Amino acid sequence: MSTPVGAPPSSPAPAPELSALVRERGVVVCCGSGGVGKTTVSATFALAAARAGRRACVVTVDPARRLADALGVQSLPNTPTEVEGDWPGHLHALMLDSKGTFDDLVQRYARTPDQSESILSNRLYQNLAGALSGTQEYMAMEKLYELVNSDEFDIVVVDTPPTRNALDLLDAPRRLTRFLENRLFRALLVPTRMSLRAVGVATQALLRTISKVAGAEIVQDAVAFFRAFEGMEEGFRTRASAVHELLADPATAYVLVTSARPDAVEEAGFFASKLAERDVAVAALVVNRIAPSFGTEDGGSSVPAAVNGLAALQPLEENLAELNVVAAREASGYAGLAAQVAPAPVGRIPLFGQDVHELAGLERTADSLFG
């Protein structure tokens, strides 16, 4: 979070309900557009939970190093790694490896080691497992489900992809179920030693067309890939349903993260409306990087009367007035969003003098947001 040098005259008062989220909820999903400090806010929630004596884990699906930087560690694997600190609870973090999580899922539901190896060694699987549309989003939710049910953590905080992709995250379990129920998928699960001969006429025609465009080798890999899943689809379907229930559980808190930029506020409003369509309430709104106001409560200048009007100070007075205009414009800009998600509490994080790239900066952010 980059900001002007020097702290604002006073930090925004923490919202008491935000503290309730980290003390009481089991899952916190942080959503927002790119570039608003969502990863830092996610880590801040997990840190606040550890400060409250809870066992917390924060998960990022962002392949960049933002979470590792914010926590002051060199790197993060696909498994929970503890971050040492002076707090009564425990703080863990991990960076999602979509393909690694998919591999674990395949091994869990394969009936035999040979079936698992057949899938994991398939060229189509190797090339597409981490790149198929919705795969990253579903694997993020799979990792969330795994952590929640491990009984190792009291709270799991998820740093999601940018907003519109986060909607894919919410729909990912349903999309997987629809894929498993697709007629072509089911046709390709027909066990046979005769390659394409056992599938229906329509399916054969489709596969021949694809073969002409993409090559017969790719089609054969696809057929082998789908047939390797024989008998596993029910396990995937059951797990997808369980993940969907977790996302829809009232105990799962969705926190909107935005900056005061008009485009970020608009994106946050879009996501809030999509949550409302799913009958999911926004648990909190966090507005990041808020410009400080140096005005008085009645809107006047905070320049002392003894120096007010001195010619030498006129440039400073003009700069002060401009800063107050910016602060007032920002407050007005997100006021509509705050009303849209009401009665959700609004947490405000001021601009700081430097980026959060170590634990001390993260603790300063937690102080500002949670007190």
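When reading the values below, keep in mind they use all heavy atoms of this one structure, side chains included, and skip hydrogens, waters and symmetry mates. Keep in mind that what you see is a predicted model, and the values were worked out from it rather than measured.
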For Tyr145, enumerate each residue passing the ring-ring contact (aromatic ring centres under 6.0 Å, His included) test, keeping only those at least two apart in sequence or located in another chain.
none
List the atom pairs, donor and acceptor, that lie under 3.5 Å between side-chain atoms in residues 79-86 and the rest of the protein, sequence neighbours left out.
{"from": "Thr81", "atom 1": "OG1", "to": "Thr79", "atom 2": "O", "distance (Å)": "3.4"}
{"from": "Glu82", "atom 1": "OE2", "to": "His90", "atom 2": "ND1", "distance (Å)": "2.8"}

Contacts of Asn78 meeting side chain to side chain donor-acceptor pair (under 3.5 Å) (sequence neighbours excluded), chain-then-number -> Thr101
Salt bridge (Lys or Arg N to Asp or Glu O under 4.0 Å) partners for [X], two or more places apart:
X	value
Arg55	Asp154
Arg54	none
Glu318	none
Glu146	Lys143

Does anything in residues 31-57 pair up under ring-ring contact (aromatic ring centres under 6.0 Å, His included), and if so which pairs, sequence neighbours excluded?
Phe45-Phe370
Scan residues 238-252 for pairs that pass salt bridge (charged side-chain N to carboxylate O under 4.0 Å, His left out), counting only residues two or more places apart or in two chains.
Glu142-Arg239
Lys/Arg N to Asp/Glu carboxylate O, Lys99 vs Asp103, below 4.0 Å
yes
Among all residues two or more places apart in sequence or in another chain, which pass the side-chain contact (heavy atoms from CB on, under 4.5 Å) test with Ala43?
Leu67, Leu71, Leu362
What pairs with Ala253 under side-chain contact (heavy atoms from CB on, under 4.5 Å), at least two apart in sequence or on another chain?
Leu21, Arg25, Val28, Ala283
Would you mind telling me which of Leu247, Val59, Leu96 makes a side chain to side chain contact (heavy atoms under 4.5 Å, CB included) with Leu144?
Leu247
Any side-chain donor near an acceptor of the partner, Asp159 and Thr39, under 3.5 Å
yes
So do the side chains of [X] and [Y] get within less than 4.5 Å of each other, counting heavy atoms only?
X	Y	result
Thr160	Lys38	yes
Phe271	Leu256	yes
Val27	Leu246	yes

Could you list the donor-acceptor pairs under 3.5 angstrom formed by side chains in residues 328-347, with sequence neighbours left out?
{"from": "Glu330", "atom 1": "OE1", "to": "Ala291", "atom 2": "N", "distance (Å)": "2.9"}
{"from": "Tyr334", "atom 1": "OH", "to": "Arg348", "atom 2": "NE", "distance (Å)": "3.1"}
{"from": "Gln340", "atom 1": "NE2", "to": "Gly269", "atom 2": "O", "distance (Å)": "3.1"}

